[in-house]
Amino acid sequence: MIHSLFLVNSSGDIFLEKHWKSVVSRSVCDYFFEAQERASEPENVPPVIPTPHHYLISVLRHRIYFVAVIQSEVPPLFVIEFLHRVVDTFQDYFGVCTEAAIKDNVVVVYELLEEMLDNGFPLATESNILKELIKPPTILRTVVNTITGSTNVGEQLPTGQLSVVPWRRTGVKYTNNEAYFDVVEEIDAIIDKSGSTITAEIQGVIDACVKLTGMPDLTLSFMNPRLLDDVSFHPCVRFKRWEAERILSFIPPDGNFRLLSYHVSCQNLVAIPVYVKHNITFREGSSQGRFELTLGPKQTMGKGLEAVLISSQLPRGVLNTNLNPSQGTYNFDPVTKLLSWDVGKINPQKLPSLKGSMSLQAGASKPDENPTINIQFKIQQSALSG
Amino acid sequence: MLSMSTNNLSYNDQGGSDSAVEVGQETTPTSSSNAGAGFGLFSTNFKKNDDLKEMLESNKDSLKLDAMKRIIALIAKGKNASELFPAVVKNVASKNIELKKLVYVYLVRYAEEQQDLALLSISTFQRALKDPNQLIRASALRVLSSIRVPIIVPIMMLAIKEAASDMSPYVRKTSAHAIQKLYSLDPDQKEHLIEVIDKLLKDKSTLVAGSVVMAFEEVCPDRIDLIHKNYRKLCNLLVDVEEWGQVVIISMLTRYARTQFTSPWREDGLFDENSETAFYESDEKKTENEDEKKSYMMDPDHRLLLRNTKPLLQSRNTAVVVSVAQLYWHLAPKHEVGVITKSLVRLLRSHREVQYIVLQNIATMSIQRKGMFEPYMKSFYVRSTDATHIKSLKLEILTSLANEANISTILREFQTYVKSQDKEFAAGTIQAIGRCATNISEVTDTCLQGLVLLLSNRDETVVAESVVVIKKLLQTQPTQHSDIIKHMAKLFDNIAVPMARASILWLMGEYCERVPQIAPDVLRKVAKSFTSEEDIVKLQTVNLAAKLYLTNSKQTKLLTQYILNLGKYDQNYDIRDRTRFIRQLIVPNEKSGALGKYARRILLAPKPAPVLESTYKDRDRYQLGTLSHTINTKASGYLELSDWPAVAPDQSVRNVEVIEPVKEWAPSLGKTGKSKLSKSSDDKFYSDSGEEEGSGNSSSDDSSSSEESSSEVESDEEKSSSQSSEESDKSSSQSEKSSSESDSEQKKKTTKKPPQKKTVKPTAKDSDSDENGNVAKEACSSSAEETSSGSDSGSDSGSGSGSDADSHSGTEHKKKTKSKAKPKMEVKSTKEVSLLDLDDFTPTPVTRPKMSVLSPSLLGDLEGLSLSNISSTMQVSGPAFVPEKSHDLLHRMTGKGLSAQYQFPRQPCLYQPSMVSVQISLTNTSDRPLEQIHIGDRSPTGLNMHCFNTIECLLPEASVTVSLGIDFNDSTQAANFQLCTKEDQFSVSIQPAVGELFLPITMTEQDFRQEQGKRLGMNESSATITMAAANTTSQPISRQVATVANLGVVPSGQDNIHRFAGKTASTGAVVLVTVELRGESTALITINTEKSVMGPMLLRDLKRALAQA
């Protein structure tokens, strides 16, 4: 299965390596660097790269490439999924998953990787078990450790691994028993230039934070379970009960976890809560172009739009822009031609707009196409799927 | 022994370290890429390492730990720390757990290089293997087996054997891992290891299952015989195994099933869409169909596998989902594969790398079966944020999903892609258009037009790609395209991309007889620049010259001579070679006797057109989801998926004589979900398999009636014909869907009784008839609860036990079928959405004058690709809202048990664009089956109507939904017809509301105004109304209007004016509705349409809807 793992940063240096079987020379990564050079964008590096003796499977998260070396047939998703799980674990442990964080905690990282794979086969990937084996580093603990000389590694060997509920550790105790559930819905839509929606789909997750004593068994029922017809569950959820009664019955892991995620593909079009009026023109012959954007909320049911961020990849011919935002800050990178405008909160009375001119390369013909505009936004306390 | 070893250590310490350091000095700089810096680093390391050694030899644990941490950091950076081996290995027996772990990490990393020294640590592990704590035993075995030192193979072997019979499942799991390690270290141990694998395969713990199957796959994947006895157990345990183990087990079981069961795919090409429709039609219909294919009966074990893997489609682990998907793809009957679609589409929202793999698999699937993914076509639309390789995969899928019905939608989408800034992607899109054009003959001309337009694009790569694709297209249809060829000849001056130039030259040569005037001219031009051309262009120039020489030697003789002379002295030997060959072939001289005569036939032979095929066409030779499939070459260690055996091997090999599981899991029988938790480690967590095993016992204990009848059934089985078993097989597949559902309902009813589980799991004793038994039991248990009178009917009907079982599961079943009908309709409707553009382009023979199309100044981009004939901006869109309201067509009292309801799904009709589609759901409320339900006479006699196929049989309590197409001819006159069964005829009528006669269209506000301007005066009807308070904002208005009439919303610039547009189904007359809010609660409704009758009627309906609360 997974032979070795190399961590490569964005400038192409290997800053960590780990081998589970015999050592694979790091020169194997040269094939990866070759592919990296060929790719125009960091995202375009193919996830699977065959080399004469090995296969490299990589994922890119937080601008770090996690490159796994495989020697024989294995489902590629198996490796990809595992690598993502590794990243999630690092994030869980160190708060962020950056090169600096990994370098600072290299010993914990090594201990984690050692526990997660045995001979290349996943062994313990549940964060509850791992946290029992290796305690996450916190400032308090580091201080205590230096004074008392105790260690990060759990004295007690974990019992969770042995039970049928491997995701929950035993002997949890809380004085305040509490459980929180967050429902997060994301809408993903393509809208054409006249403003009509081409496709829209909703992806939702229920994240939970459960702090309960002992071995609680929870059930969660929904008002309208029919909406959830395309779901995936945390392994703790009992499939059969869901299929039979549409009730979620589970023994939760301790702490934060993602209970379920669901996908609503919209037969009837969803109301997109924001609209953009645009007027972007390039004139033939002249070296000027006009750029005008206005944003507004639409059918938000009284909820405010927050953290609105607009980005647009302008055509290559654009040399620079001279724009005037009515609120927020805008930024244009003349090298990547990426325009980004951090709007912030939208006030329905005073709609934010961005107006101004673009200077184009002199003599170049006008760009064929109007740029695509990406909008990100947040609405608190609102579920789009209804 | 111990003291000895420490002595040795210190000795080696002294002597060995120096040499080790030297080795290190040599290796480190070479291994790091920047040699200069590496040396600098190393020299500091050198000093550090000295104090590290001191720290390791100190007495303080904390110092040792610090040292170890620094060493680990060195290893992580890829630095060589092997010279510290002796100092480190001494600490292997440390009491400090963290220190010990770090030493283990170090040991495993360097043991291979320092074999002799590594041996010193072995005794520690041997001792630990006997430790009372299972976790210490396990970790000792883990490290011991990770030390890749061949000398300790016997020790490892012994340890593995011992651990395999350990009490603790965790230790047994570790031993399964150790098997693989030992095998890779010494393959000669294979035989012994297989013994251990065999033993561990029998293990009943879920912890062990995944690991041992992994070992099996690694060591002896061909020993299928080891699996037989454990097959059923593995299937049942599967849900509880940890997710990584699930992936491995599923892929192993896929291979196993392909060798053990016969093919569930019928020979008569199940790929066609017929099977697809059969799938969407009701279960009853299916029952009919399946009577025809009596020859195949699915092995119960095969069914067991499919059933137990299905819930895993909802796993959060994408690898599990895809492996279940490939299992269904490779093993399930064709009509069941559909269940994986939704899950796969869901994965497209996952990480980029996951998307990549999933899309690859979908690409392969979609080539074989378009129908599966067609309803989800929109999920494959490209996003601007996608990576290039994802974009091209999506393009690939869209191309293979294209068919006559949805091509216009897809081409419209492509139109946007062509303009993408990602030129690689734009070029890919052009190729995709080319492929659509060859695959779907209806749009070939349109595509060609569009591509020609692209020739005037400013971007060179786009132009070049278009030239290449046009060349291929023209080759497939070399009819009257001389216009295009002429146009390309004009372009020749401006195009610099060699491939495109070569393509144009080739086209000239191939069709030189069609363009006799131009071809010599092109040759003249290229002759001038011959020396500066690329090789590929030169070759084509020589070809063109030769062809022209043969057809038109008068004009081109000198030119040809000139070119051949140039070619003769070219730098490239290929070109020299070609020139020499051509000269001998075409120029008549005495040496080239025989061949010269055939020159014309050689050069101007009709050439077969290239086939534009998907690159994923041949990928299905690899198992889906595998690495080999991804890279499209055979990866090392890839195990071929065998073909189905013609005759199934003996299935009794899977029987387990002693049913141990029942005994072992007996305590878990009575527990429900709640009591499960506190059980010890051997309990199943949430699968019912444990209970299923024993349910035979429990149900017989609880309900004597069911016991009786089940025994009756058993005796019945012996008598029953093959047909009954056949049918029960089917119904079992049905019941399995419902089993869980009805199960729970039963639970509620009989609160006092312990839960009765349906025996979905075959009881191992009589495997050949157990499916039968299951169903019968199911029927019995439900009937026992309903009424005592019903209980005997399940067993006394000899042949039709299956269908009876259906009817007797009673109310739950009814509910189920009803609720099932809904989602099914949805699926269907989405399919229709994609079909809707059929009318959009069929009446569009490209009538534009070609020369005007070709004048580049007029042309923007690919606008010519838009296919509608109304106006480029008006497109039929999907309905904004589908009312759920259904109307009574036939009441059950008047219909003698047959009841029918109809509703308007608001989808463009499949059969004819002028029809309105109507969905009728028929339900049999009588107690006998109704046969041959069909549509009889209709009035008015000229009524144009598309009937549904005759329903052969509708069982009691069953319902079926069929769709009709009726051409109402844009009037609200009712369509009267007769609904007939075998015995009776009932006159019914469908009266459409005026709003149902429209199809929504989308247009821009400007177009709306323009169209509105054309329909004033007589064609306008308006009214001012007082609105209900709730209706004064935009959303309720849109909803109310959409409820009344099937119209599309037109985006509006003003907040107080709402616009809606549609066209009538039959004549396509445009209907425009404007709702203008004036003041607090008054509104002006204006309707513009040339249908002067429909306007007022619609107005009346809208007034009513908007005024009401």
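Residue numbers begin at 1 in each chain, while the letters A, B, ... track the order of the sequences.
- The choice from Pro311(B), Ser211(B), Ser251(B), Ser146(B) that makes the most heavy-atom pairs within less than 4.5 Å of chain A is Pro311(B).
- Between the side chain of Arg383(B) and the backbone N or O of Ile190(A) there is no donor-acceptor pair closer than 3.5 Å.
- The aromatic rings of Trp244(B) and Phe78(A) lie perpendicular to each other, with more than 60° between the two planes, well past the 30° mark.
- With rounding to the nearest 0.5 angstrom, the CD atom of Glu217(B) is 10.0 Å from the CD atom of Glu73(A).
- Contact record, His389(B) with Pro47(A): NE2-CD, 3.9 Å, taken as the closest heavy-atom pair.
- Using a distance-only test at 3.5 Å, with no hydrogens or angles considered, a donor-acceptor pair links the side chain of Ser636(B) to the main chain of Gln71(A).
- Heavy-atom distances place no part of Ile373(A) under 4.5 Å from chain B, backbone and side chain included.
- Note that OG1 of Thr626(B) and CG of Leu77(A) are 11.0 Å apart. Values are rounded to the nearest 0.5 Å.
- For Val358(B), the part lying near chain A is the side chain, with the backbone staying farther off; criterion is any non-hydrogen pair under 4.5 Å.
- Proximity to chain A involves both the backbone and the side chain of Thr388(B), based on heavy atoms less than 4.5 angstrom apart.
- Asp118(A) touches chain B through backbone and side chain together, each having a heavy atom under 4.5 Å away.
- Contacts between Ile75(B) and chain A at a heavy-atom distance below 4.5 Å involve backbone atoms as well as side-chain atoms.
- If you measure heavy-atom distances from Thr125(A) to chain B, the contacts under 4.5 Å come from the side chain alone.
- For chain B, no part of Arg258(A) is nearby; none of its heavy atoms comes within less than 4.5 Å.
- A side-chain donor-acceptor contact under 3.5 Å links Glu81(A) to the backbone of Thr318(B).
- For a residue to count as touching a neighbouring chain, one of its non-hydrogen atoms must lie under 4.5 Å from one of that chain's; by this rule Leu60(A) touches chain B with backbone and side chain alike.
- Contact annotation for Val354(B): both backbone and side-chain heavy atoms come within less than 4.5 Å of a heavy atom of chain A.
- Under 4.0 Å is where a charged nitrogen must lie from a carboxylate oxygen, and between Glu243(B) and Arg85(A) at least one such pair does.
- Neither the backbone nor the side chain of Tyr275(A) comes within less than 4.5 Å of any heavy atom in chain B.
- For chain A, no part of Val1050(B) is nearby; none of its heavy atoms comes within less than 4.5 Å.
- When all heavy atoms of Glu353(B) and Val59(A) are compared, the closest pair comes out as OE2-CA, 3.3 Å.
- Here the closest non-hydrogen pair linking Lys173(B) and Leu123(A) is CE-CD1, 3.9 Å.
- Chain B forms more heavy-atom pairs under 4.5 Å with one residue of Val74(A), Asp188(A), Val23(A) than with any other, namely Asp188(A).
- Smallest separation of non-hydrogen atoms from Pro76(A) and Gly625(B): CD-O, 3.2 Å.
- A donor-acceptor pair under 3.5 Å is absent between the side-chain atoms of Glu43(A) and the main chain of Asp386(B), judged by distance alone.
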Go through the steps for Lys21(A) and Glu112(B) under the test salt bridge (Lys or Arg N to Asp or Glu O under 4.0 Å), then give the verdict. CA-CA 10 Å; Lys21(A) 298 184 182 181; Glu112(B) 213 172 358; over 6 Å; no
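- Looking at Val462(B), there are no atoms closer than 4.5 Å to chain A (heavy atoms on both sides), in backbone or side chain.
- At a 4.5 Å heavy-atom cutoff, the contact between Glu17(A) and chain B is made by backbone and side-chain atoms alike.
- Here the side chain of Glu201(A) pairs no donor or acceptor atom with the backbone of Ser379(B) at under 3.5 angstrom.
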